[in-house]
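All heavy atoms count here, side chains included; hydrogens, waters and symmetry mates do not.
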Amino acid sequence: MRRLLDFLIKHNHWFVFVLLETLCMLMLFNSNGYQSSVAFTSANAVAGRVLEVGNLMNDYFSLRETNNTLLERNTRLEQRVSFLESTLRQRLNDSIAYESLSRLADSSFIELPAMVIGNSLHHPDNYITLDKGSRFGIKPEMGVVGTKGVVGIVYKVNGGYSLVISLLNSKSSLSCKIAGSDYFGYLKWEGEDPRYAYLKDLPRHAEFNLGDSVVTSGYSTVFPEGVMVGTVDDMADSNDGLSYLLKIKLATDFGNISQVRVIARKGREELRDLTVNEGSEQ
């Protein structure tokens with residue numbers, strides 16, 4: 001306290017000078033309108049500049065928080081985009097499946113409903129048993145489709161029951177193509193995961209993307225063109241490198257089949273007589 005008093009006494013003339021200058025300035029500005037307006041304008045300019053600098057400093061020091069907020073928003077947007085893409089792809093696949101199955105209502109095909117009463121999944125050659133047979137008009141080599149796509153082909157029948165070779169069978173070979181194109185190959189099951197099969201012999205110049213729909217090619221007397229089979233899940237080169245080998249996620253859930261439709265093209269016997277028999281090709 002003593003040092004403060006000594007400092008004030010030692011420099012008192014400066015304090016008196018500042019006080020007198022302040023009083024003079026106040027008298028000058030209060031007594032003259034021009035000087036008052038200039039002072040007011042200058043003070044506003046200085047205050048504005050100070051506030052601007054302060055805001056810039058606040059913005060600079062809040063960049064980290066802003067970046068974190070933007071990062072969170074971008075993450076949420078990416079999740080929404082991913083969800084929308086997945087939903088759109090699923091809706092597109094459902095649409096293709098609906099359109100493909102609705103084609104079976106065409107007058108050139110007959111449909112016979114049936115129930116699945118027997119099914120296998122994990123054997124090299126899997127079969128499905130239906131509760132309808134020849135008494136209901138079902139014959140060998142008729143196609144079988146479920147609510148989402150191809151199931152298989154009728155193998156044997158008796159009066160009341162039918163035995164179906166499902167797609168999960170080494171004897172099955174289904175002619176398929178990429179939806180919206182004419183590139184086709186043959187679908188084969190490799191005896192592993194019942195959710196997947198492989199599309200073989202697809203030409204190297206074929207254009208496709210992961211997630212594209214795979215449908216029947218129509219190059220047989222069993223299935224019409226465009227019936228849903230599955231979607232492209234992965235791709236690789238064939239052993240000889242001359243074609244693609246596509247991993248197909250099957251549209252039909254073979255572990256959950258209850259209702260199916262047995263289909264046949266009208267006049268297929270006459271059409272079959274004009275074609276070359278290619279074994280078990282569907």
Side-chain angles (χ1 to χ4, degrees), residues 77-106 109 121 143-153 166-170 172-257 260-261 263 278 281-282:
L77 288 174
E78 289 176 357
Q79 292 174 346
R80 290 182 180 180
V81 169
S82 178
F83 172 76
L84 289 174
E85 288 179 346
S86 176
T87 302
L88 180 61
R89 185 179 296 111
Q90 182 62 41
R91 293 291 178 87
L92 178 61
N93 291 336
D94 290 345
S95 176
I96 292 176
Y98 173 78
E99 291 176 1
S100 67
L101 295 179
S102 66
R103 294 178 185 177
L104 300 178
D106 188 270
F109 277 82
L121 294 176
V144 181
V145 298
T147 57
K148 294 185 177 180
V150 175
V151 172
I153 183 172
S166 79
L167 293 183
L168 310 181
N169 192 301
S170 64
S172 174
S173 179
L174 181 65
S175 178
C176 302
K177 68 176 184 177
I178 305 297
S181 75
D182 293 325
Y183 303 118
F184 72 96
Y186 296 93
L187 189 80
K188 295 286 293 185
W189 185 59
E190 297 296 332
E192 299 173 352
D193 194 328
R195 297 173 299 171
Y196 299 94
Y198 290 87
L199 185 61
K200 301 182 176 183
D201 297 335
L202 189 71
R204 292 285 300 179
H205 58 274
E207 297 178 358
F208 61 88
N209 295 297
L210 297 182
D212 281 355
S213 297
V214 176
V215 298
T216 53
S217 65
Y219 298 151
S220 75
T221 60
V222 180
F223 292 103
E225 177 184 0
V227 181
M228 187 68 175
V229 176
T231 55
V232 179
D233 186 74
D234 200 359
M235 62 165 289
D237 290 329
S238 62
N239 293 331
D240 58 13
L242 300 178
S243 59
Y244 286 120
L245 178 65
L246 303 187
K247 184 178 182 181
I248 307 301
K249 184 174 183 180
L250 299 174
T252 298
D253 181 1
F254 285 90
N256 184 27
I257 306 176
V260 296
R261 288 182 287 172
I263 64 171
E278 297 184 0
E281 179 187 336
Q282 298 174 16

So do the side chains of I178 and L246 get within less than 4.5 Å of each other, counting heavy atoms only?
yes
For the residue pair F184 and C176, establish whether any side-chain heavy-atom pair is separated by less than 4.5 Å.
no
To the nearest 0.5 Å, what is the distance between OG1 on T147 and CZ on R261?
9.0 Å
How about L168 and L121: do any of their side-chain heavy atoms sit closer than 4.5 Å?
yes
What is the minimum heavy-atom distance between I257 and V151, and which atoms define it?
CD1-CG1, 4.3 Å
Report yes if the side chains of T231 and I248 come closer than 4.5 Å at any heavy-atom pair, otherwise no.
no
Roughly how far apart are D234 CG and L245 CG, rounded to 0.5 Å?
9.5 Å
Any side-chain to backbone donor/acceptor pair from T216 onto P224? Under 3.5 Å, distance only.
yes
So, taking the atom named CG in L167 and the one named NZ in K188, what distance separates them when rounded to the nearest 0.5 Å?
11.0 Å
If every non-hydrogen atom of S217 is compared with every non-hydrogen atom of S175, which pair is closest and at what distance?
OG-OG, 2.5 Å
Taking K177 for its side chain and V215 for its backbone only, find out whether a donor-acceptor pair lies under 3.5 Å.
no
Please name the pair of heavy atoms, one in T252 and one in V150, separated by the smallest distance, quoted to 0.1 Å.
OG1-O, 2.9 Å
Between Y183 and F208, is the ring centroid distance below 6.0 Å?
no
Side chains of Y244 and L199, heavy atoms from C-beta outward: is any pair under 4.5 Å?
no
Could you check whether any side-chain N or O of D212 sits under 3.5 Å from a backbone N or O of N209, counting only pairs where one atom can act as donor and the other as acceptor?
yes
Presence of salt bridge, K200 and E190, under 4.0 angstrom
yes
Separation between CG (L174) and CH2 (W189), nearest 0.5 Å, reads 15.5 Å
